[in-house]
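Please read the structure below before turning to the comments.
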Amino acid sequence: PTELLEEDGEKIRKEGNEFGSTTGRPRRCGWIDLPALKYAIMINGVTELSMMKADVLSIFDTIKVCTHYKINGEIVDYLPFDI
């Protein structure tokens, strides 16, 4: 849901050189999705995280983060896996 299809996504892609090494295809870029990250940590037993390329985000005055989803008017902070 946080994939950036417009100018900001293109900025991240260019600044971070997010293109496939073999095909050269542009990679999908977006803001971090905390509910999805929380779910991935839960099901995979993650104990540590590493953040790469944080310097890429220095081109933005504001960095956005997904903290909740709005589903049928209800705000939830978990990944709605049953949609």
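Only this structure's heavy atoms are used, side chains among them; waters, hydrogens and symmetry mates stay out. The chain is numbered in sequence order, starting from 1.
- Of the residues E15, E18, K14, R13, the one that meets the side-chain contact (heavy atoms from CB on, under 4.5 Å) test with V56 is E15.
- When hydrophobic clusters are built by joining Ile, Leu, Val, Met, Phe, Trp and Tyr residues whose side-chain heavy atoms come closer than 4.5 Å, directly or via intermediates, L79 is grouped together with I43.
- Connection of L4 to I63 is established within a shared hydrophobic cluster, with ILVMFWY side chains joined at heavy-atom distances below 4.5 Å, either directly or through further cluster members.
- A salt bridge links E7 to K11: at least one charged side-chain nitrogen sits closer than 4.0 Å to a carboxylate oxygen.
- N44 CG: more than 12 foreign heavy atoms inside a 6.0 Å radius.
- Put simply, CZ on R27 and CZ on F19 are 9.5 Å apart, with the number rounded to the nearest 0.5 Å.
- Within a 6.0 Å radius of NZ in K64, no more than 12 heavy atoms belonging to other residues, nucleotides or ligands are found.
- Without hydrogens or angle criteria, K53 side chain to G16 main chain gives a donor-acceptor distance under 3.5 Å.
- Both M51 and I59 are assigned to one and the same hydrophobic cluster, defined by single-linkage of ILVMFWY side chains at heavy-atom distances under 4.5 Å.
- Hydrophobic clustering, defined by side-chain heavy atoms of Ile, Leu, Val, Met, Phe, Trp and Tyr closer than 4.5 Å, groups I41 together with I32, L34, L37, V46, L49, V65.
- Salt-bridge annotation for E3 and R28: present, with a side-chain N of the basic residue lying under 4.0 Å from a carboxylate O of the acidic one.
- For K38, the side chain to side chain donor-acceptor pair (under 3.5 Å) test picks out no residue, with sequence neighbours left out.
- With values rounded to the nearest 0.5 angstrom, I12 atom CD1 is found 6.0 Å from C29 atom SG.
- With a 4.5 Å cut-off on side-chain heavy atoms, Y69 and P1 count as touching.
- Checking side-chain atoms of S58 against main-chain N and O of D55 turns up a donor-acceptor pair under 3.5 Å.
- Transitive grouping of hydrophobic side chains (ILVMFWY, heavy atoms separated by less than 4.5 Å) brings I71 and Y78 into a common cluster.
- Within the model, atoms NE2 of H68 and CG of D33 stand 11.5 Å from one another, a figure rounded to the nearest 0.5 Å.
- Taking CG of D8 as the start and CH2 of W31 as the end, the distance is 5.5 Å to the nearest 0.5 Å.
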